[in-house]
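Whatever order the structure lists ligands and atoms in, that order sets their numbers, starting from 1.
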Amino acid sequence: MNKFLTLAFALSFSLGAVAQNPVIRDQYTADPTARVFGGRVYLYPSHDIFPPQGQRQDWFCMADYHVFSSENLTDWTDHGVIVSQEQVPWGKADGYSMWAPDCVEKQGRYYFYFPNGPKSGRGFAIGVAVADRPEGPFTLEPEPIRGVSGIDPCALVDRDGKAYIYWSGMGIRGAQLKDNMKELAGELREITPPHREGQPQMPKMLVGGEEMKGLPEGFKEGPFAFRRGDWYYLTFPWVRKEKGTETLAYAMSRSPLGPWDFKGLIMQEHTNGCWTNHHSLVEYRGEWFLFYHHNDYSPRDDKRRSVCIDRVSFNTDGTIREVTPTLRGVGVSKATARIEPDRYSAVSGPSVTVAFNDTANTFMGWHATLPQKGSWVRYDKVDFSGLTDGYLVINVKADANTLLSVREKNNKGKVIAHVDVTVEGQQGQFRRDNRGKWMSLTAPMTYHPKGVTDIVITCDGKPVSIDWLQFKQRPTYFTPVAANAAPSQPDERGFIRRWQLREPIPQNIRSNTIFTNTWLREFFADELSKLNPKKGKWYSLESENYNMKLFRFAEKYGRQAYGNLFWCQTVIDCPEDIEGVRLAAGSNGASMWWLNDEEVLLLEGDRRMVEDDGVSSRLKLKKGRNILRCAVVNGPGLSDFCVRFLDESGKELRNFVVL
Ligand code: FUB
């Protein structure tokens, strides 16, 4: 037996939840072969990269293969590199020709077939690597398959255990494989390759298999053969003379090596001129899917491509229904993951536009622009399961104050959340000047859809662009306190967790450096004089933490998390007069503290919350009710506070209750 090379196992990592086209969003992927192994879909694509110096800059360039897998066609795991060019014993270490591959399983072993440029000679050979698991590690065979000269291998293991290989080279060829899956079963013939004008004559070579008969005239490559019922399908990229770029086409037969009966197209030419397409069809959980590629992330360079998936179906006579590519793709998107409306299922009309977020780094994705009141985008199959107390986070950009809604099913459907996009400071949410800037806004959910449904984003005012949106379950953080609730105690470290919080008052503060003693005194005095306990909503809450996370409170009740003034008060009931105590507080943002309407502490400057950060002078807590009040203000940044009383010896005070 020749020398084997065992390949290192690369680290796997998940790409996060993305259900839209393209499906792999951090690297170029092309020529997708999808296979189902052990109830999971495995994706074996080529890996387009930009050519290094010295390589032809306008040509395909691939140095390795990754394998990806998914259980739901939404979340893809990248298992890393399984074969790279410098590991192939017979291949050029710098050939950059690792074109379309395939992988099939037979008797518990996984056979990975891939083309590559041989060390000596021209053209392509096809190699095999074998593994015990679909994601490897793969062991490379020392030599390519004898008698196979070409690209784009595809293997078919039939129900009777016989296996076949198809490839592209002087037309589309097919041959039976031996049981070892590494050699052709039939005779090999020596031929003189046809001479191509302007090129040197290739030396004689061994050729196996036969050219597939019954296929249409014109350029063909990328065969993908499969069986469905008693029909064999040979599918392939095909160039129609009159159009000049690749379609996906197919032929059917009752036997694995034909002759074939040409049937027509699975997909038309790409409308943007992307020259190639390449594909596979796979049945998964009772549905059929077409994997193909398009140059979405690289619209001006069709040698850098990306894998897409759409559903495909069959007529009763076994013929394939033509597939129209979609942006939305397949798979269900979780409401709690980022949803990208630029990958829409439908739009109100052609005036809705999609543009890259960053043309210098297209992997940053796209945004959709709704140009006028009434325009909308629909995004189907969003799963709201488990979201019981949610709010919306949406990343938007606008040039003027506007409104949008997220609705269920259609543009007149039930409003799930309504967003007030304020960029100029007159409406509710943002007072800063955010014209033309991306902003993450939050909005309460006014309706919680059940299970999987479609969402529609409607523009209800001026033009607005949307990058992504996401629903979040409101964190608990606080438990509402009923009016007749029993008094609570300070926690075991003396921190007071029960507070009445007024809904936040948004502030136009760009920087916390303004929080000087003088500024804060004036600000708090002014705000205190305006404070009307009957105006604005007050919430009586018990915190799950020793500190009151005010920004979470804001978020939970659908207000902006940053740039707020918070009013907070609590009632302390003492069994007796307690002399010589000190108030010890920490706050993120500046804060001022009053005990029974007397100012007792000011925490100034741009500070973070630290326990006992500021300590008052000695105070008296009187027998009965004492009102402790604080105001916390912050510009950009989080807001929270923690507070307790310390006794004469500096120990936390706990002999009182909080009403
Ligand atoms: O990816 C390189 C080549 O482009 C493939 O092998 C062909 O099928 C075409 O997609």
- Only counting residues at least two apart or in another chain, list the ones meeting side-chain hydrogen bond (donor to acceptor under 3.5 Å, both in side chains) with Lys263. Asp261
- Query: Strictly under 6.0 Å, is that where the ring centroids of Phe363 and Tyr28 end up?
  - Reply: yes
- Residues that Arg228 engages under side chain to side chain contact (heavy atoms under 4.5 Å, CB included), provided they are two or more places apart: Phe226, Tyr233, Trp288, Phe314
- Message: Quick check against the 3.5 Å criterion: does Ser345 have a side-chain atom that pairs as donor or acceptor with the backbone of Asp380?
- Response: yes
- Item | Donor-acceptor under 3.5 Å (Arg173 side chain, Gly209 main chain) | yes
- Message: Tell me every residue that passes side-chain hydrogen bond (donor to acceptor under 3.5 Å, both in side chains) with Gln57, counting only those two or more places apart in sequence or in another chain.
- Response: none
- Message: As a test of reading the model: which residues have a non-hydrogen atom less than 4.0 Å away from ligand 1?
- Response: Asp31, Phe60, Met62, Trp99, Ala100, Asp152, Glu221, Thr276, His278, His293, Arg305
